[in-house]
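Residue numbering restarts at 1 for every chain, and letters A, B, ... go by the order of the sequence lines. Quantities reported herein were computed from a predicted structural model and do not represent experimental measurements.
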There are 2 protein chains.
Amino acid sequence: MATYLIEYPQRVGCMAKLRDLKEACVLEALAIVASDGVEKLSLREVARRLGVSHQAPYRHFASRDHLLAEIVSRAFRSFADVLTEATRDDDPQIALAEMGIAYLDYARREPLAYRLMFGTLLPDVQTHPAMMAEARHAFDLLLNALAKRKKARAMPTDVFARGSDEDLAMMRDAIFIWSTLHGFASIQASSAVETLGLPANLMDNMFEELLTRIRGGFEAT
Amino acid sequence: MATYLIEYPQRVGCMAKLRDLKEACVLEALAIVASDGVEKLSLREVARRLGVSHQAPYRHFASRDHLLAEIVSRAFRSFADVLTEATRDDDPQIALAEMGIAYLDYARREPLAYRLMFGTLLPDVQTHPAMMAEARHAFDLLLNALAKRKKARAMPTDVFARGSDEDLAMMRDAIFIWSTLHGFASIQASSAVETLGLPANLMDNMFEELLTRIRGGFEAT
DNA sequence: TCAGCAATGTTGACACCGTCAACTTTGCTG
DNA sequence: CAGCAAAGTTGACGGTGTCAACATTGCTGA
């Protein structure tokens, strides 16, 4: 019987209790993912930790995927917040670098959260539009930073460039940057260095070097 | 009773039968991964498809992870073969580009196999050294290609560079190249373009562009 | 006030899964 | 041909997601 009320005693009525258990499930799920990884996440374990029957969460999440979509959404939001906070400088070029560092740093600090977002099969997008919106928001941070940079460097001739082509080119720029950041981050988050028997410190202190190379590749087109 | 004998009737004795069932398990597992993804791989499903009791595979694989390690090893080997075959040109720079194209092409053609190697939590390395050896072999293809390129461009002053520092620098080069390739490939292999609601053809025909940018980033240090 | 009702939580079942233990069958070998 | 080790089978246990039926709760309108 509702042990979670002890941990979340603020409830005053039915609706509040509802939000409490739903919220408690989300928090407990996030805790499981953060400590043991998404593979260990199960509705029954969440229910068990909350001292509630194994079916109680089903009143608030139609399936495991619905709970997963919720915590993935939150992970994207928190990730986007970190990127936003890190991007401070007025110089768009420097702001981009700040974002890149923040990206890599997040993946290193929170490998399980990073794997949750980018390393597992996500629930179907069509049935979880909120999750997609959060993910897109994070991606838009990169697109916006690129747009600012482009604006600051705009040549008069750019006026003639057609909008959609321009957008597509910028998205391609974003894909390149994201590819390099994501590749590095996921290699680091996986145990690839260990798996391959490479020097343990191989990927340490490579952030700046990686950004330099991204810059080089960025101007190579 | 051993329906798989019908499919693999070449057996002549006990030992041959052993290899048959073991081999049949591996082939069936690879088929499952190729058609439904690694998540759908289960020892019981393999046994069922082979018309054999659910415990029979345990005579040949101590656990699910042991079967997984075996098919991951084979995936790495087949991947390495593809890279090797594609790398034909005498010019080390062109050979590197050929390898890059082959890498991206493989990930696009076989997204489930790619995810098997690079997108899932692999079994423990210490207990599966053969798997690690195959993975390392694939990585060494890149290192060797880089070494050839360096040799072809060697300046006389390079003679003074210390070996281990040189190796470390080359591994860092490899990490950059691999990061970009892997990032792009895994973004493509995941349904990220769909998840983010980006133009469906955004990542088409980007292979050459990506290689150009890698080249640019490569020379930026 | 209180009957009724919808929301919420519980219990039990089913079909999956990996894995351990005990058993039977098989086929080679001394 | 007896024996033995390897191979395969059967059954069980605890874990999972999920469906169905039931119990409880607390608000609401007569």
Is it true that [X] and [Y] have ring centroids separated by less than 6.0 Å?
X        : Y        : answer
B:Phe184 : A:Trp178 : no
A:His137 : A:Phe76  : no
A:Phe176 : A:Phe218 : no

Please report, rounded to the nearest Å, how far the [atom2] atom of [N] is from the [atom1] atom of [X].
X       : N      : atom1 : atom2 : value
B:Lys22 : D:dG8  : NZ    : C1'   : 16 Å
A:Glu45 : D:dT16 : CD    : P     : 6 Å
B:Arg48 : D:dT9  : CZ    : P     : 14 Å
B:Glu39 : D:dG17 : CD    : P     : 16 Å
B:Phe61 : D:dG8  : CZ    : P     : 11 Å
A:Asp36 : D:dG15 : CG    : P     : 15 Å
B:Leu43 : D:dG8  : CG    : P     : 14 Å
A:His60 : C:dT10 : NE2   : C1'   : 13 Å

Closest to the A:Ser63 side chain, choosing from D:dG15, D:dG17, D:dT18: D:dT18
Out of C:dG18, D:dG17, D:dG8, whichever nucleotide has its closest atom nearest the side chain of A:Arg64: D:dG17
Spacing of B:Asp105 atom CG and B:Arg109 atom CZ [to the nearest 0.5 Å]: 5.0 Å
Summary of salt bridge (Lys or Arg N to Asp or Glu O under 4.0 Å) pairs that have at least one residue in residues 200-215 of chain B, sequence neighbours excluded: A:Asp173-B:Arg213, B:Glu209-B:Arg213
Pairs flagged by salt bridge (Lys or Arg N to Asp or Glu O under 4.0 Å) wherever residues 183-199 of chain B is involved - sequence neighbours left out: none
A:Tyr58 side chain near D:dG17 phosphate (N/O to OP1/OP2, under 4.0 Å): no
Phosphate contact (D:dT25 OP1 or OP2) by A:Arg59 side-chain N/O below 4.0 Å: no
Pairwise side chain to side chain donor-acceptor pair (under 3.5 Å) hits with a residue in residues 34-43 of chain B, at least two apart: B:Glu39-B:Arg115
Contacts of B:Phe207 that satisfy ring-ring contact (aromatic ring centres under 6.0 Å, His included) - sequence neighbours left out: none
Check: A:Tyr114/A:His182 side-chain N/O donor and acceptor closer than 3.5 Å: yes
5'-to-3' dot-bracket of DNA chain C (Watson-Crick, G-U; under 3.5 angstrom; crossing pairs as [ ]; | other strand): ||||||||||||||||||||||||||||||
Check the interface with nucleotides 11-15 of chain C: list each N/O to N/O pair with the protein under 3.5 Å, or write none.
from	atom 1	to	atom 2	distance (Å)
C:dG12	O6	A:His54	NE2	3.0

